[in-house]
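Take a look at the structure set out below.
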Amino acid sequence: MERVDIIKSLECELKTICEKPQNKFGMGLYDHIVAVVKNGEFLAEQYCADKEVVSIASWLHDIASATDYSLYKNHHIHGAEIAYDILTKFNYDEDKIVLVQNCIRNHRGSVKSERSTIEEICVADADAVSHFDSIPSLLFLEYAIRNNGYIEGKEFVRTKLERSFAKLSDRSKELYKDKYNNAMNFLK
């Protein structure tokens, strides 16, 4: 199957998964994934990374969380396993499956992991940057899902954005500093 077909299929599958009632994050998770894909593909171009691997890993990086909330804590590990199952059904290249799995395993900024490829850096940075694009879904998570109050929820989002920016590679910090500053100004 060609790259475009795989990506279109993943896009449809993730949207369907995110629309299901068992997805505790609501459609905000789909918006987050779309933002990760967009930023991941941009970063892949900036870093001369394998754009196909970055795009596929970006689509699949949170699939475990969307599928089963009980997997959230280790969704990076479960997501890599799910990605393997999905990509083997497409007869996707085994070496690239390993690259995609490593991107998924190492995308979380809150989990200390060694990123050994430029593709892993692209997906991890895209995941962090996507939070600047996903303020409404982060507020939804805080207010609707976690039932936090106005101040507590706003403070959580502000702190999350600060942590996300701090976790970016130096080059990505330069590329996204204006977006970060705009997001922080929005939360003032």
Side-chain angles (χ1 to χ4, degrees), residues 1-131 133-134 137 164 167-169 171-172:
M1 189 171 270
E2 289 188 33
R3 175 194 186 273
V4 174
D5 293 339
I6 292 173
I7 291 174
K8 276 290 175 202
S9 179
L10 293 175
E11 181 179 2
C12 291
E13 184 170 348
L14 267 295
K15 187 172 185 193
T16 299
I17 289 169
C18 287
E19 290 172 334
K20 292 183 178 180
Q22 65 262 33
N23 170 22
K24 300 278 189 206
F25 299 99
M27 285 305 287
L29 180 58
Y30 182 75
D31 292 342
H32 163 73
I33 293 168
V34 169
V36 173
V37 171
K38 179 185 77 169
N39 287 296
E41 289 178 348
F42 169 76
L43 289 171
E45 290 173 5
Q46 298 298 308
Y47 287 110
C48 298
D50 186 324
K51 190 174 179 180
E52 177 182 283
V53 167
V54 170
S55 182
I56 290 170
S58 295
W59 277 111
L60 294 172
H61 81 283
D62 279 347
I63 192 165
S65 294
T67 305
D68 183 348
Y69 185 73
S70 71
L71 302 178
Y72 175 72
K73 184 176 180 183
N74 291 309
H75 75 275
H76 54 295
I77 296 166
H78 298 292
E81 295 165 3
I82 294 168
Y84 179 83
D85 293 341
I86 290 170
L87 295 175
T88 54
K89 289 177 186 169
F90 284 115
N91 294 316
Y92 194 60
D93 180 85
E94 284 288 329
D95 292 335
K96 287 193 172 199
I97 290 175
V98 171
L99 292 173
V100 168
Q101 288 183 290
N102 288 337
C103 289
I104 294 168
R105 276 189 206 99
N106 295 313
H107 83 273
R108 291 188 72 186
S110 60
V111 175
K112 189 73 174 152
S113 62
E114 189 66 35
R115 296 180 181 105
S116 59
T117 67
I118 200 68
E119 291 78 16
E120 291 172 49
I121 292 168
C122 289
V123 174
D125 282 0
D127 185 47
V129 163
S130 73
H131 299 137
D133 296 331
S134 305
S137 66
S164 294
K167 293 171 189 168
L168 293 176
S169 63
R171 186 166 176 205
S172 291

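For the pair S55 and E41, the tightest heavy-atom approach, listed with the atom from each and the gap, is OG-OE2, 2.8 Å. Across S137 and G28, no two heavy atoms sit closer than the pair CB-CA, 3.5 Å. Between A128 and L168, the shortest heavy-atom contact is CB-CD2, 3.8 Å. Shown here for Y92 and I6, the closest heavy-atom pair between the two residues is CD1-CD1, 3.6 Å.
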Exercise. With side-chain hydrogen bond (donor to acceptor under 3.5 Å, both in side chains) as the test, would you mind laying out the steps for D125 and S169 before giving the verdict?
Key: CA-CA 7 Å; D125 282 0; S169 63; 2.6 Å; yes
- Task: Run the numbers on Y72 and H78 for side-chain contact (heavy atoms from CB on, under 4.5 Å), then give the verdict.
- Result: CA-CA 9 Å; Y72 175 72; H78 298 292; over 6 Å; no
- request: Just do the side-chain contact (heavy atoms from CB on, under 4.5 Å) check on F42 and V37 with the steps written out, would you?
  value: CA-CA 9 Å; F42 169 76; V37 171; over 6 Å; no
request  = Kindly determine whether T117 and N102 satisfy side-chain contact (heavy atoms from CB on, under 4.5 Å), including the steps that lead there.
outcome  = CA-CA 9 Å; T117 67; N102 288 337; 5.8 Å; no
For this session: Please lay out, stage by stage, how K38 and D133 fare under the test side-chain contact (heavy atoms from CB on, under 4.5 Å).
Result: CA-CA 10 Å; K38 179 185 77 169; D133 296 331; 3.7 Å; yes
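The backbone N or O of A126 sits nowhere less than 3.5 Å from a side-chain atom of N39 that would complete a donor-acceptor pair. A donor-acceptor pair under 3.5 Å links the side-chain atoms of D93 to the main chain of K96, judged by distance alone. When atom types are taken as modelled, the side chain of Q101 and the backbone of A80 share a donor-acceptor pair closer than 3.5 angstrom. Using modelled atom types, one side-chain atom of S58 and one backbone atom of V54 make a donor-acceptor pair closer than 3.5 Å.
For the side chain to side chain donor-acceptor pair (under 3.5 Å) test with H107, the passing option among H76, H61, H75 is H75; the others fail.
Rounding to the nearest 0.5 angstrom, the gap separating the CG atom in L29 from the NZ atom in K15 is 13.5 Å. Atom SG of C122 sits about 11.0 Å away from atom NZ of K51, to the nearest 0.5 Å. Once rounded to the nearest 0.5 Å, the distance linking CG of N106 with CD of E120 reads 4.5 Å.
Side chains of L43 and S172 form a contact here, defined as non-hydrogen atoms less than 4.5 Å apart. For the pair Q22 and Y69, the minimum side-chain heavy-atom distance is 4.5 Å or more. No side-chain heavy atom of E19 sits under 4.5 Å from any side-chain heavy atom of N23. Within the 4.5 Å cutoff, the side chain of L60 has heavy atoms near those of the I104 side chain.
Take H131 and apply the ring-ring contact (aromatic ring centres under 6.0 Å, His included) test, not counting sequence neighbours, and it matches H32. A search for side chain to side chain contact (heavy atoms under 4.5 Å, CB included) contacts involving T67 returns I17, I63, not counting sequence neighbours.
Summarising the local packing, OH of Y84 is surrounded by 12 or fewer heavy atoms from other residues, nucleotides or ligands at distances under 6.0 Å.
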